Amino acid sequence: MDHPSQPSVRHFDHCPWLFAAEATEEQHAAQREVQRAVGGDTGIGERCYVAESAAVFPDRLRLGDDSYIAAHAYVTGELDTGSHCTLNPFTTVRGNVVLGHGVRIGAHTSLLGFNHSMAPDRPVFRQPLTSRGIRVGDDVWIGSHVIVVDGVTIGDHCVIGAGAVVTKDLPAWSVAAGNPARVLRDRREVRGVGAATAATNPASTSAVSGIRPEEGRTPATRPAPHPGPGAAATGNPQPAPHDRRAVQVEGAADDEAVAAAATDPAAAAPGRRPDASRTPTTHPAPHPGPGAAAADDPERAPRDGRAVQVAAAVGAEVDAGAGAEVADLPGIRPGGSRASATRPASDPGPRAAALAAFADAARDQAARLLDRCWDGARYVDRPGAGPTVRAHCDAVEFADLLLGAVPEHLSAEEHIGRLSGLQDPKSGLVPEFGEPLPVTDADGFIGEGAALYHVLCVGYALDLLGPGLPHPVRGVRDMTARQLVVRLEALPWRTGAWGAGAWVDSLATAAHWNLRHNDGSDNGHGTPESLFGWLLTRADPWTGMWGSPSAEEGRLQVVNGYYRLTRGSFAQFGLPVPYPERVVDAVLDHARDARHFGPGRENACNVLDVAHPLWLCTQQLGRGAGGYRSGEIRDWAERQLATVLPRWQDGRGFGFGPGTAGPGPEPGLQGTEMWLAIIWYLADLLGRSDELGYRPRGIHRPEPARQGIAGLS
């Protein structure tokens, strides 16, 4: 049909993507009036369009830049969108709904972020409404005539076929369709050929129920405008923070709520109980049985009796827990966050016995393990390896953790003398054995190498031994705030977020040690204050982190860099991290990446870099029944403990992990020291760390080393 030479308001209502380029000044002015007339708590971004024929009656609306609400759409409740989001003609969005960037919603689709309770004691229309919320990630295309019910999360980059009824969460990159919707494939896979970068294997792709609401957002692919409705989005606008406050929807019955609730949950919504809480289908991964060899060391010797009991106790604990702890995960609070369901009272059952038996066995064997890593003159990580500064520090931390003493191969004075003597008095740096002192950069500090980590390990080993580092780290003490900002801006946040985070960890730890000296800490430059100011203003509000994920590694660099960065800065100085809920979302999303957490793929670095951020954020968000996504965190910690504890090898300890990363699978000091700290954090996430009888006091200490920047702790 022919279009008029000047498009009318009716034309723009149905084709709003044309408005910015083709509307007259009078039509732009009229559109501004339409937007101002929208009621409730409303904030509408730049270059947005709200159709005059749309019924937009929100309690709260945040419409991101370059987004539109097309003809005859129906919007109520609370809606937050990122940029480049489209609600096409006759779309219904109600309740509490959060959309990421570049979300395309086809015509006649309904996102119903609320529901009725269905107690049998009174008619449904007399019962209050409930709202758990709907979350949709970035770069998502939802086809026409789709229904998404309350409590569902749709991960980043998903495509949902026309007419689907989405009753369960969909993992990132899913192509899904059907009633109820199911995952058909991963978008990254070429038809018939598994893409090398796909993070989801066939088993995990089909296990949709294992992906939970509020999955963290993946900012790797950002959407851009498109010329018409329903097309998938591409591009990279900057994210903007969105208020995701919980909302409780109450009021009289509503036809659509009744329609959404009328379907039999058992038949139409697998994975949901009649009370609308979730019954997850994920279970702990299998573990080696008593006496079984560890996956990373098939040649290991059989366990002794104590270790066999540990493995058996863990197995019994997991098997018993699958029906109680795992299957009894929490429901969801209004707004999409989780509120824990009532759990069975704690008891000194198999889990407590397993943790206590493991710790007793480790303590009994600690001296033998240290002997194994002493070559007669210095400490090595494992037999056959060369002596390193880190190995000596790991030995000190390990002995302090399990024995409350110094390694007996040297006296305390000899340990202090050896480690203190390694520090260069002028620069404050500690080179590796046999290597020259590293050359500092123009700002006086270094950018890479073993000496960066020695700021941490030598400093904390000497802290455990008593005196601490004898000299300040002068490059950090003398660095100006301007030099620091220049260095921070130049770090490889996009391509190497782990290295960037490790550098911040070293610098912040050096600043911590310098504050203990009486020569002015940073010569009045305000460098620590500048560091925290830069970090707080550069954190991504969608993830709470620094850096960008990649198609090859997913969030690995970002999450691992987050651990190192926050360990040395916010955690060490006792300061709250920004956006803790978003951090939990992103970390839990990363922990499902089969490339790094598939069977037999976990190494100490990757597991610690999930456990510590989860633990750190729970200190701010609350723990136990009221904690944010606490059920999922507990579930993850349970499964990790069940996997890790049986890997202990008698008299040898833990290997770092499979493959060539770090020291590799051979048990040694580094792997053992790290896994012992990890086990503590996992147990503490479950409220059971006291059963271990130890608590990290060095690099992996849970308490801040100081409170704030100025005062000593």
Side-chain angles (χ1 to χ4, degrees), residues 288 291-308 310-311 357-412 414-415 418-419 432-434 450 453 457-458 460-461 464-465 603-605 608 644-680 692-694 696 698-700:
D296 57 3
D297 189 2
E299 302 300 324
R300 58 174 295 191
R303 306 171 188 271
D304 65 13
R306 180 188 301 271
V308 169
V310 173
F358 161 76
D360 287 344
R363 271 186 289 271
D364 289 347
Q365 299 169 32
R368 183 156 41 121
L369 190 150
L370 288 167
D371 286 342
R372 177 176 179 265
C373 297
W374 172 254
D375 70 359
R378 290 186 288 190
Y379 290 97
V380 298
D381 181 71
R382 57 202 179 280
T388 62
V389 173
R390 177 168 185 162
H392 192 158
C393 299
D394 284 338
V396 171
E397 290 227 17
F398 174 75
D400 180 87
L401 189 71
L402 289 183
L403 303 175
V406 301
E408 61 183 11
H409 307 97
L410 301 170
S411 67
E414 289 172 319
H415 282 291
R418 286 197 180 190
L419 291 173
E432 186 55 88
F433 292 142
Y453 193 76
C457 67
V458 176
Y460 271 104
L464 292 173
L465 292 166
N603 63 44
C605 182
L608 175 63
V644 171
L645 292 183
R647 290 180 179 171
W648 174 268
Q649 299 189 32
D650 298 327
R652 306 172 74 198
F654 287 111
F656 177 82
T660 58
E666 174 67 18
L669 285 171
Q670 180 179 339
T672 302
E673 188 276 325
M674 290 183 71
W675 282 114
L676 287 171
I678 291 165
I679 288 167
W680 187 91
L692 292 166
Y694 68 75
I699 290 175
H700 302 118

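Remember, it's a predicted structure, so these values are computed and weren't measured experimentally.
- The minimum heavy-atom distance between A362 and L402, with the atom names listed, is O-CD1, 3.7 Å.
- For D371, the side chain to side chain donor-acceptor pair (under 3.5 Å) partners at least two apart in sequence or on another chain are H409.
- Across all non-hydrogen atoms, the minimal contact from G386 to V380 is C-CG1, 3.7 Å.
- To the nearest 0.5 Å, atom CG of residue L369 and atom CZ of residue R382 are 13.0 Å apart.
- Applying the side chain to side chain contact (heavy atoms under 4.5 Å, CB included) test to A395 and every residue at least two apart in sequence or in another chain returns L370, Y379, P407, L669.
- Relative ring orientation between H415 and H392 is described as perpendicular, the plane-to-plane angle rising above 60° on a 0-90° scale split at 30° and 60°.
- Legend: residues meeting salt bridge (charged side-chain N to carboxylate O under 4.0 Å, His left out) with D381, ordered by chain and number and at least two apart, are absent.
- With sequence neighbours excluded, no residue forms a ring-ring contact (aromatic ring centres under 6.0 Å, His included) with H700.
- For the side chain to side chain donor-acceptor pair (under 3.5 Å) test, residues two or more places apart in sequence or in another chain that qualify with R372 are E666.
- Annotation: side chain to side chain contact (heavy atoms under 4.5 Å, CB included) contacts of L401 (sequence neighbours excluded): L676, Y694, P696.
- A distance of 9.5 Å separates CD of Q670 from SG of C457, quoted to the nearest 0.5 Å.
- Remark: the backbone N or O of I699 is paired with a side-chain donor or acceptor of E397 at under 3.5 angstrom.
- Separating the CZ atom in R647 from the CD1 atom in I679 is a distance of 10.5 Å, to the nearest 0.5 Å.
- Take R378 and apply the salt bridge (charged side-chain N to carboxylate O under 4.0 Å, His left out) test, not counting sequence neighbours, and it matches no residue.
- Judged as a side chain to side chain contact (heavy atoms under 4.5 Å, CB included), and not counting sequence neighbours, the contacts of A450 are E432, H454.
- Put simply, the side chain of V396 does not reach to within 4.5 Å of the side chain of Y460, judged on heavy atoms.
- Nearest heavy atom pair, residue F433 against residue P387, reads CD1-O, 3.6 Å.
- Judged as a salt bridge (charged side-chain N to carboxylate O under 4.0 Å, His left out), and not counting sequence neighbours, the contacts of R390 are D394.
- Listed by chain and residue number, S411 satisfy the side chain to side chain donor-acceptor pair (under 3.5 Å) test with E414 (two or more places apart in sequence, or in another chain).
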Q: May I have the step-by-step check of side chain to side chain contact (heavy atoms under 4.5 Å, CB included) for W675 and L608, ending in yes or no?
A: CA-CA 8 Å; W675 282 114; L608 175 63; over 6 Å; no
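- Here R363 pairs with D360 under the side chain to side chain donor-acceptor pair (under 3.5 Å) rule; sequence neighbours left out.
- P663 and F656 get closest at one heavy-atom pair: CD-CG, 3.4 Å.
- Taking CZ of R368 as the start and CZ of R652 as the end, the distance is 11.0 Å to the nearest 0.5 Å.
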